[in-house]
Amino acid sequence: MSSREDILGRVRAGLQRNAGNAAVGREVMTAALSSRSQGPKPVFDAAPQALLERFRVKSEAQSSTVDIVAAEAEVPAAIARYLAAMNLPKTAVAQPALAHLDWAAAGLTVELRGARDADLVGITGCFCAVAETGTLMMCSSPATPAAVSLLPETHIAVVRASRILAYMEDAWNLARAELGSLPRAVNFISGPSRTGDIEQTIVLGAHGPYRVHLVIVED
Amino acid sequence: MEIKSMRFKANAAGSLANVVLQGNLKNAKGKFVTKRAEALKDLDDFEGTRDAAVAIRNKVIDNLDLWLERFERKAQETGATVMWAKDGAEVCRLVIEIAQKHGVTKVTKSKSMLSEEAGLNQALEAAGIQPVETDLGEYILQVDNNEPPSHIIAPAVHKSLDDVADLFHKVHGTPRKTEIPALTREAREVLRGHFLSAEMGLSGGNFLVAETGSVALVTNEGNGRMVTTMPKVHVVITGIEKVIPTLEDLSTLMRLLPRSATGQSISNYFSILTGVKQPEEHDGPEHLYFVLVDSGRADVVGTDFHAMLRCIRCGACMNHCPVYQTIGGHAYGWVYPGPMGSVLTPLYAGMENSIDLPHAATLCNQCGVVCPVGIPLPDLLRKLREKQTERGLRPLKERIGLRLWAWVAQRPKLYALGASLGARYLKWLAGDADRIRLLPAAPEWSLGRDFPAPQGKTFRELYAARRNRTGDKP
């Protein structure tokens, strides 16, 4: 007998599985998968401006920094200002999805590709953002490689205000509507990487970025 | 992992006598408790969320076979390979086979308690494959002669900054650093090379999503993302009980897991991984394997301990346990310490190998109160004590003593006489004191506690005297 059959056999024995309770169990399963019922959620003002404000406050609480610009065309200049203020290089890797922005005009040297170890600054968009916790939702694809938000010491993310949703549940529904099925990797990011493994003291910059900077576009 | 739970009493005594460890435990004590309490405040309806989480977990474990088949089918549709392992030995065999098939010489690992159960690192080394732990806590332990973890969330919580400073100085051959950020940076630099050169990444799984065939990983350091993004092969090893129905259920459980574990409203990274790298994609593994592990879980289904399968491994029970806080995790002698460990170790590693664990609890129910999936841990510990008695696993002296007591207790006159003599003897023994330091009949038991001295008469004697005085009818 294969291990699969052995394990499932013992699970079935434990549940006293028979045709009758299997049919009931299948109904429960089908109902759960089709109803996608949601649990209780924290209650807060879900007006667009309130969501933006909550997202900003929660992101800052996670040690991200936040900048707000009025139009997408202003993003490269805003990023150039941030890099200058932080004494960071004006060279970056960006997700190919950001090819339409005029990086050179802002004095930045941006390569559109996947990330490499030597990259110091990584610029990404995001699929959407979650106001409840101040979280970015990143979906991997050829135009949005996952490592750009992971390998560089500085991660800069462009967030469209219209894509700030209240809850993670809203993000799932948006993904189902726009992508059909889940991409290979969904990464929810809430601030720079951190560890508390030595004396429970939080240190930013464990294996991922030391800093996360968000540029929110009011669209 | 070798089971050392039979030596619990000696281990615990050693932990209590270890001045350095006691200092480290005292330093750590309460930090997680405070953070959790803080983090629950912005969850408007903790009880309602917990009820929903209990319902989600019950839904799956009450029909576990059906959900496993559903998950397996969905995962296969995404291009993943699903394997099943009965025990730790089979986990090791399967992982080594996968590694050899893909010509793997180095495996980077994010934290997996199941790999500790299976002793996977030792097996990989024996097969000539280098395992590299990448969670900072696990890395510290691996380079310290493969010391076992003492906490499921913070594996090196028993170590101080000084311990880590000495260790890194010795192991890395670098100047001794005394700042935590500098030590963290040093580990980052060492491990970055491994992340980029390993051919295989190995992770556990916090949840398996039946709707999509995905694995969900909760991490803070980014090492979980590294091992599931950079190498060409990703292997997930996870217990069969980890399935949940939908992405919505994942969101509900995520409101509880990081809050209960580290007091975060959400972990830094929360990754939901589905299938393999697509054509044109820049990163991601080309091969994804799930190893679904039994190791005792299937035999718990439908038993008195069924509710234990709801556990989401947050560690809140140990953080709030007065026994854990006093002796630390190593004394428990296996992978899982604290109240959840005192239930899981007898179930997965053998009741006869962990006789003392169900008794290493005050049954104060702090663990039950904080458990985010409502597991009645004290009830389960009491139930394990019952099972020990049923199976004749208790020491001979205790069994004879209890049988003797039962024989006397069934004879009211004899019992009254015995109790009356006992009360007088104990009063005499106490002398002028109100408590007895050492009971000659139970020297070991009274070593750690005082016995309150009786007043010299039994309850029944006092009650009878009162009835005579007032003429009360019984």
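So that the names make sense, note that chain A is the first sequence line, chain B the second, and so on, each numbered from 1. These figures come from a predicted structure and were not determined experimentally.
- The two residues B:Ser267 and A:Ser190 have their closest heavy-atom pair at O-OG, 3.8 Å.
- Residue A:Ala22 touches chain B through its backbone alone, counting heavy-atom pairs closer than 4.5 Å.
- The part of A:Glu132 that comes within reach of chain B is its side chain, from C-beta onward, which places non-hydrogen atoms under 4.5 angstrom from that chain.
- In this structure, OG1 in B:Thr252 is found 5.5 Å from CD in A:Glu169, a value given to the nearest 0.5 Å.
- If you measure heavy-atom distances from A:Glu199 to chain B, the contacts under 4.5 Å come from both the backbone and the side chain.
- Classified by interplanar angle (parallel below 30°, tilted 30° to 60°, perpendicular above 60°), the ring pair A:His207/B:Phe195 is perpendicular.
- Contact between A:Asp197 and B:Pro155 at its shortest, heavy atoms only, is OD1-CD, 4.2 Å.
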query = Under the side chain to side chain donor-acceptor pair (under 3.5 Å) criterion, do A:Arg194 and B:Tyr269 qualify, and how do the steps go?
reply = CA-CA 10 Å; A:Arg194 67 195 64 197; B:Tyr269 298 115; over 6 Å; no
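- Closest of all the heavy-atom pairs between A:Met168 and B:Ser251 is SD-OG, 3.4 Å.
- A distance of 5.0 Å separates NZ of B:Lys31 from OG1 of A:Thr201, quoted to the nearest 0.5 Å.
- Interatomic distance, CG of B:Asn223 versus OG of A:Ser193, reported as 9.5 Å (0.5 Å rounding).
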query = Should B:Leu247 and A:Arg36 be marked as a side-chain contact (heavy atoms from CB on, under 4.5 Å) after you check the CA-CA gap, both sets of side-chain angles, and the distance that decides it?
reply = CA-CA 8 Å; B:Leu247 296 169; A:Arg36 292 174 183 155; over 6 Å; no
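- Residues A:Arg4 and B:Glu72 are paired through a salt bridge, judged by an N-O separation under 4.0 Å between the basic side chain and the carboxylate.
- Contact check on B:Glu248 versus A:Lys41 returns no salt bridge, with no Lys/Arg side-chain nitrogen under 4.0 Å from an Asp/Glu carboxylate oxygen.
- Looking at B:Ala53, there are no atoms closer than 4.5 Å to chain A (heavy atoms on both sides), in backbone or side chain.
- Using a 4.5 Å cut-off between heavy atoms, B:Leu217 makes no contact with chain A at all.
- Interface remark: B:Leu250 contributes side-chain atoms only to the contact with chain A (heavy atom separation under 4.5 Å).
- For A:Val11, the parts sitting under 4.5 Å from any heavy atom of chain B are the backbone and the side chain alike.
- The neighbour count for B:Glu179 CD, taken as heavy atoms of other residues, nucleotides or ligands under 6.0 Å away, does not exceed 12.
- The heavy-atom pair separating B:Ala52 from A:Pro40 by the smallest distance is CB-CD, 3.9 Å.
- Between the CG atom of A:Leu182 and the OG1 atom of B:Thr212 there is a distance of 5.0 Å, given to the nearest 0.5 Å.
- Of the atoms belonging to B:Leu196, it is side-chain heavy atoms, and not backbone ones, that fall under 4.5 Å from chain A.
- For B:Thr49, the parts lying near chain A are the backbone and the side chain together; criterion is any non-hydrogen pair under 4.5 Å.
- Residues B:Arg70 and A:Leu33 meet the side-chain proximity criterion, which asks for heavy atoms closer than 4.5 Å.
- Proximity of a side-chain donor or acceptor of A:Arg113 to a complementary backbone N or O of B:His282 within less than 3.5 Å is not detected.
- The number of heavy atoms from other shown groups lying within 6.0 Å of CZ (A:Arg116) does not exceed 12.
- Looking at B:Ala298, the atoms closer than 4.5 Å to chain A (heavy atoms on both sides) sit in the backbone and in the side chain alike.
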request  = Begin with the C-alpha distance, continue with both residues' side-chain angles, and end with the deciding distance and a verdict on side-chain contact (heavy atoms from CB on, under 4.5 Å) for A:Ser141 and B:Glu281.
outcome  = CA-CA 6 Å; A:Ser141 76; B:Glu281 262 201 282; 5.6 Å; no
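- In this structure, the portion of A:Thr135 lying under 4.5 Å from any heavy atom of chain B is its side chain and not its backbone.
- With a 4.5 Å cut-off on non-hydrogen atoms, B:Lys59 touches chain A through its side chain but not through its backbone.
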task = Give the intermediate values and the outcome of side-chain contact (heavy atoms from CB on, under 4.5 Å) for residues A:Gln62 and B:Ile266.
result = CA-CA 10 Å; A:Gln62 317 264 20; B:Ile266 189 167; 3.7 Å; yes
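- One distance of note links CZ of B:Arg297 with CZ of A:Arg10; it measures 12.0 Å at 0.5 Å rounding.
- Contact tally against chain A (heavy-atom pairs below 4.5 Å) for B:Leu288, B:Asp249, B:Thr246: the top residue is B:Thr246.
- Scanning both residues, A:Ala147 and B:Met230, for their nearest heavy atoms gives CB-SD, 4.3 Å.
- Looking only at heavy-atom pairs under 4.5 Å with chain A, the residue among B:Leu43, B:Val276, B:Val157, B:Leu68 that has the most is B:Val276.
- Contacts with chain A were tallied for B:Asn268, B:Asn63, B:Thr274, B:Asp44; B:Asn268 has the most, counting heavy-atom pairs under 4.5 Å.
- The backbone N or O of A:Leu151 lies less than 3.5 Å from a partner atom in the side chain of B:Arg192, making a donor-acceptor pair.
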query = Would B:Glu90 and A:Ser3 satisfy side chain to side chain donor-acceptor pair (under 3.5 Å), going step by step from the backbone distance to the final call?
reply = CA-CA 9 Å; B:Glu90 194 165 12; A:Ser3 292; 2.6 Å; yes
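- With a threshold of 4.5 angstrom between heavy atoms, A:Pro183 approaches chain B through N, CA, C or O but not through any side-chain atom.
- If you measure heavy-atom distances from B:Asn24 to chain A, you find no contacts under 4.5 Å at all.
- When B:Thr228, B:Ile272, B:Asp283 are each tested for a side-chain contact (heavy atoms from CB on, under 4.5 Å) with A:Arg184, only one passes: B:Asp283.
- Atom CD1 of B:Ile180 and atom CD1 of A:Ile198 lie 6.0 Å apart (nearest 0.5 Å).
- If you measure heavy-atom distances from B:Ile140 to chain A, the contacts under 4.5 Å come from the side chain alone.
- Contact of A:Asp117 with chain B is made through backbone and side chain together, with heavy-atom distances under 4.5 Å.
- Heavy atoms of B:Leu64 lying under 4.5 Å from chain A belong to its backbone as well as its side chain.
- A salt bridge is absent between B:Glu69 and A:Arg17: the closest approach of a Lys/Arg side-chain nitrogen to an acidic carboxylate oxygen does not fall below 4.0 angstrom.
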request  = Would you sort out whether B:Phe270 and A:Ile189 count as a side-chain contact (heavy atoms from CB on, under 4.5 Å), showing the intermediate values?
outcome  = CA-CA 7 Å; B:Phe270 180 37; A:Ile189 300 178; over 6 Å; no
query = Can you list the steps and then say if B:Ser271 with A:Asn187 is a side chain to side chain donor-acceptor pair (under 3.5 Å)?
reply = CA-CA 4 Å; B:Ser271 304; A:Asn187 285 299; 2.6 Å; yes
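- Put simply, the side chain of B:Arg185 reaches to within 4.5 Å of the side chain of A:Tyr210, judged on heavy atoms.
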task = I would like to know whether A:Ser149 and B:Arg225 meet side chain to side chain donor-acceptor pair (under 3.5 Å); could you show each step before the answer?
result = CA-CA 10 Å; A:Ser149 64; B:Arg225 289 190 63 196; 2.8 Å; yes
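- Listed here is the closest heavy atom pair of A:Gly205 and B:Thr184: O-CG2, 4.1 Å.
- Looking at B:Val82, there are no atoms closer than 4.5 Å to chain A (heavy atoms on both sides), in backbone or side chain.
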